[in-house]
Amino acid sequence: MSIQYFEDRKLFILSCRSVSYAFYIDRNRRAVHLHFGGKVIGETGLVEQEIRKGHSSFSPWAPGEKPEDSVDALPLEFSGFNSGDFRIHSAAVLTENGSLITDALYVSHRIFQGKEPLPGLPAAFASRTGNVETLEVTMRDTACDVEFLLRYSVFEECDVIVRSAAVRNRTASPVVIRRLMSAQLDLPHTAFDFVQLSGSWSRERHAVRTILHPGIQTIRSVRGSSGHQNSPALALCAHDATEYSGDVYGALLAYSGNFRMEVECEQYGTSRLCLGINPETFSWTLAPGETFETPEAFLTFSAEGFSGMSRNFHDFLRNHLIRGGWAEKKRPLLVNSWEAAYFDFDSEKLLGIAKSAAALGIEMLVLDDGWFGVRNDDTTSLGDWFVNREKIGDLGELVRKINALGLKFGLWFEPEMISEKSELYRKHPDWVLHEPGRRRSIGREQMVLDLSRPEVVQYLFDTIAGVLRSANIEYVKWDMNRNLTEVYSAALPPERQGEVAHRYMLGVYRLHEMLLEAFPNLLIEGCSGGGGRFDAGMLGYVPQIWCSDDTDAMERIRIQLGTSLFYPVSAMGAHVSVCPNHITGRSTPFATRGNIALSGTFGYELDLTKLSPEDRLLVREQVADYHKYHDLIANGDLHRLSDAFSVNAFDAWMYVSKDRKEALITAVCRFAEPNAGVRFVRPRGLDPETVYEVDGMRISGATLMALGLRMDLPPGDGASRLCYLKAL
């Protein structure tokens, strides 16, 4: 059993392979946190934390309770608003009398095998292998029949606890949810560093580490998507934590819209983490009898540094979130038309690229923006999902010709957007997110469709499905190229406008669900100007996400290493592009561009017809490397051998198969150093007792990990190599 309940102490212990989570119900029916961290055996030793009483008049307690019962000092699983706990809180619900006071106590619980899905939201699932057990705790407000459900699912083999919350309105009147977080975690001290993934368009998810300080530290989005600026991923680590040692707590939010993750260092030297939908842009009217569900939060702990946290999340996301078997399936090796042609293409040019691709062993051509409506630039036709026959002729015929070359075919869509110059806008101007009478913002000459409206979602499904049925289309690149502004829906009354941003996100998820139900074998790649919506929520529908519009190999090192702290390599869209790079202007050796792109869903983003004979030979070698190393890279354990938080002169990382019988090291010299010494890389994760063949030598895993492996690289900036290790 992964969940134990001790009736005499009203104590819950949730146990994974090497992690435990414990809390109890106190004499006042509050859910009090005890422990999250290394595994505990039995209940002995799990004792209440010493209560900091402070000055009792400033830490109030309820009638009939004692000063030490003050919720202002207790470590809690759930905290309400304006009821004595002055820290960041889990929930605030506005009731009929105008009060936001929220205070809930334990009523009951149930424990069951498996895990239930969340209606309308991405959710982790139990697989055929591995034990999953769920605890659901019911809390009720002390003044009304508003119930809160706290859910905990234990994914034992991954060391991950999945949490979510729900509100049920059992009163006779509507209530308004102003804040409802997916999870709250109270930790016993503040000696942490705060780790986040931050950046901007074309430099997303750089790993940033700062000291946790008094007050509140927050990452959030109000952009209508998770955004390029901050990914909904956070870690709290010991000050001395490294890649391979020290305590690290990790948190992911499975949500792609406005989010908030915040940590408060409070007066008694403890810290509280809350994560969920951003309350700045959220309210929800809940009618009698209705229930509202939060997105899921994924929590893990590692005593083996960042590497241990990453392995936990990678295994969990691959095995329990990514659907349709895509976590294990080999993705088609593709070439995308965008950087090859932008808007300037016709069927003849596309067939030329396809013929070159087929000759080089590439498996799919993806036609990017510009194939629909009358779109020859970015000012028109979004929403008009019908083929521009003047430009490419009959789509079905084009795809048949490409298939005849031995290639699959994929197509780009931007479903959530609409151009002012479009047939759709002329017919349905009210389908745009916009407040009447207010100036309307424009980004990339496009507006945002109101996906909070079911009829808009249905229109998009009907038109996109019509295109997909017209030809043998096996892949969709789903893009989103601007943030949400003037978030107002003509379909909702004034008092419910706070629901629009979340309803929009539910519409996005619903459209994905409809397409996957209608086309179960369809591979969808998520994209938002590159990595503007790279989050666990999207991974519940798409198995891969375009990591960044910046395909510069040197920039991609930091983006991909940062991303890998939380997300698996198999989810990262990574391509080889032309040099000088179209964003940075930097030139990097073709071989290195391939070696770095192999650490992702490998492909090409250039005009294959213009390659030199030397580069064509390298493409064939890279294609062979992709097929040789795919399973190892996509499903193996990742070990970062250089600092993911810095720009390094020399970077290295490696993959080790689950059975530890093979490994692959990638090494890159970003900056060449004159008169440099010999470089050694210390592999990790090998079997010490196994002898490996590497570089013509036979060396034990123990020796390799203790002494390191000499890593000779060609001269020059951006030189790289792959180093393969195989057990004998």
Side-chain angles (χ1 to χ4, degrees), residues 115 117-118 120-127 132 151 153 155 158-165 181-183 185 195-198 204-205 207 219-221 225-235 249-261 273-278 293-300 309-324 326-327 478 480 502 505-506 508-509 512-513 516 524-528 531-547 560 562-573 601 638:
K115 181 182 174 296
L118 286 183
L121 287 165
F125 54 83
S127 62
V132 178
R151 297 195 186 96
S153 292
F155 287 77
C158 299
D159 284 336
V160 168
I161 306 290
V162 174
R163 291 193 55 182
S164 66
M181 306 308 278
S182 299
L185 178 64
V195 175
Q196 65 197 77
L197 300 180
S198 296
E204 300 90 341
R205 291 177 308 288
I219 56 173
R220 40 79 100 171
S221 173
S225 65
S226 48
H228 298 82
Q229 293 71 25
N230 293 295
S231 181
L234 178 151
Y249 298 85
L252 284 171
L253 185 66
Y255 191 59
S256 313
N258 297 333
F259 74 91
R260 177 185 288 264
M261 304 177 81
L273 165 65
C274 285
L275 62 158
I277 297 172
N278 194 336
E293 304 277 358
T294 71
E296 289 185 340
F298 307 146
L299 305 178
T300 194
M309 179 195 74
S310 298
R311 288 194 298 273
N312 291 348
F313 276 143
H314 294 179
D315 287 345
F316 171 76
L317 295 173
R318 284 191 298 237
N319 296 328
H320 299 288
L321 187 66
I322 294 174
R323 300 190 292 177
W326 282 110
W478 179 312
M480 180 208 185
H502 182 58
M505 203 64 247
L506 295 178
V508 171
Y509 291 149
H512 275 89
E513 195 73 59
L516 292 175
I524 303 178
E525 179 175 67
C527 181
S528 178
R533 202 158 60 184
F534 200 119
D535 55 70
M538 291 312 304
L539 290 178
Y541 302 95
V542 305
Q544 62 192 57
I545 302 172
W546 185 228
C547 206
Q560 291 174 199
T563 304
S564 75
L565 281 172
F566 297 92
Y567 305 105
V569 168
S570 62
M572 299 183 205
T601 61
L638 169 67

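Keep in mind it's a predicted model, so treat the numbers as computed, not measured. In this chain, numbering begins with 1 at the start of the sequence shown.
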Name the orientation class of the two ring planes belonging to Phe298 and Phe316 (parallel below 30°, tilted from 30 to 60°, perpendicular beyond 60°). perpendicular
Shortest non-hydrogen contact from Met309 toward Gly250: SD-CA, 3.7 Å
Euclidean distance, Asn230 CG relative to Ile219 CD1, rounded to 0.5 Å: 5.5 Å
Rounded distance (nearest 0.5 Å) linking atom CG of Leu197 with atom CD of Glu204: 11.0 Å
Between OG of Ser127 and CZ of Phe155, what distance do you get to the nearest 0.5 Å? 8.0 Å
Nearest heavy-atom neighbours spanning Pro295 and Ala254: CB-O, 3.6 Å
Flag the pair Trp478 / Arg533 as yes when at least one side-chain heavy-atom distance between them is below 4.5 Å, and no otherwise. yes
Closest non-hydrogen atom pair, Ser198 against Gln196: OG-NE2, 2.7 Å
Step by step, would you call Leu121 with Tyr509 a side-chain contact (heavy atoms from CB on, under 4.5 Å)? CA-CA 7 Å; Leu121 287 165; Tyr509 291 149; 4.0 Å; yes
Are any of the side-chain heavy atoms of Leu321 and Glu296 separated by less than 4.5 Å? no
CD1 (Ile524) and NE2 (His512) are apart, to the nearest 0.5 Å, by 5.0 Å
Taking all non-hydrogen atoms of both residues, which atom of Ser182 and which atom of Ala297 are closest, and how far apart? CB-CB, 4.1 Å
Should Leu234 and Leu273 be marked as a side-chain contact (heavy atoms from CB on, under 4.5 Å) after you check the CA-CA gap, both sets of side-chain angles, and the distance that decides it? CA-CA 10 Å; Leu234 178 151; Leu273 165 65; 4.2 Å; yes
Residue set satisfying ring pair (Phe, Tyr, Trp, His ring centres under 6.0 Å) with Phe566, at least two apart, ordered chain then number -> none
Can you find a side-chain donor-acceptor pair between Tyr255 and Thr294 that sits under 3.5 Å? no
Hey, are the side chains of Met261 and Pro232 touching, using non-hydrogen atoms and a 4.5 Å cut-off? yes
Carefully, step by step, assess Arg151 and Leu118 under the rule side-chain contact (heavy atoms from CB on, under 4.5 Å). CA-CA 11 Å; Arg151 297 195 186 96; Leu118 286 183; 3.9 Å; yes
Between CZ on residue Phe259 and CE on residue Met181, distance to nearest 0.5 Å: 10.5 Å
What distance do Ile277 atom CD1 and Arg260 atom CZ have between them, rounded to the nearest 0.5 Å? 13.0 Å
With distance as the sole test, does His314 use its side chain to make a donor-acceptor pair with the main-chain N or O of Ser570 at under 3.5 Å? no
If you compare all heavy atoms of Tyr541 against all heavy atoms of Gly120, which two are closest, and at what distance to 0.1 Å? OH-O, 4.1 Å
Check: Thr601 and Glu525 side chains under 4.5 Å, non-hydrogen atoms: yes
Ignoring hydrogens and geometry, is there a side-chain-to-backbone donor-acceptor pair from Asp159 to Thr300 under 3.5 Å? no
With no hydrogens and no angle check, do the side chains of Arg205 and Thr563 hold a donor and an acceptor under 3.5 Å apart? yes
Would you confirm whether His228, through its side chain, and Ser528, through its main-chain N or O, come within 3.5 Å as a donor-acceptor pair? yes
Do Leu252 and Leu317 have side-chain heavy atoms sitting under 4.5 Å apart? yes
Residues in salt bridge (Lys or Arg N to Asp or Glu O under 4.0 Å) with Arg220, at least two apart? Glu280
Which residue, Asn258, Leu253, Asp535, forms the side-chain contact (heavy atoms from CB on, under 4.5 Å) with Ser226? Asp535
Hey, mind stepping through Leu516 and Arg323 against side-chain contact (heavy atoms from CB on, under 4.5 Å) and telling me if it holds? CA-CA 10 Å; Leu516 292 175; Arg323 300 190 292 177; 3.3 Å; yes
Do you know the tightest heavy-atom contact between Ala124 and Lys115? O-NZ, 2.9 Å
Between Phe125 and Pro117, is any pair of side-chain heavy atoms under 4.5 Å apart? no
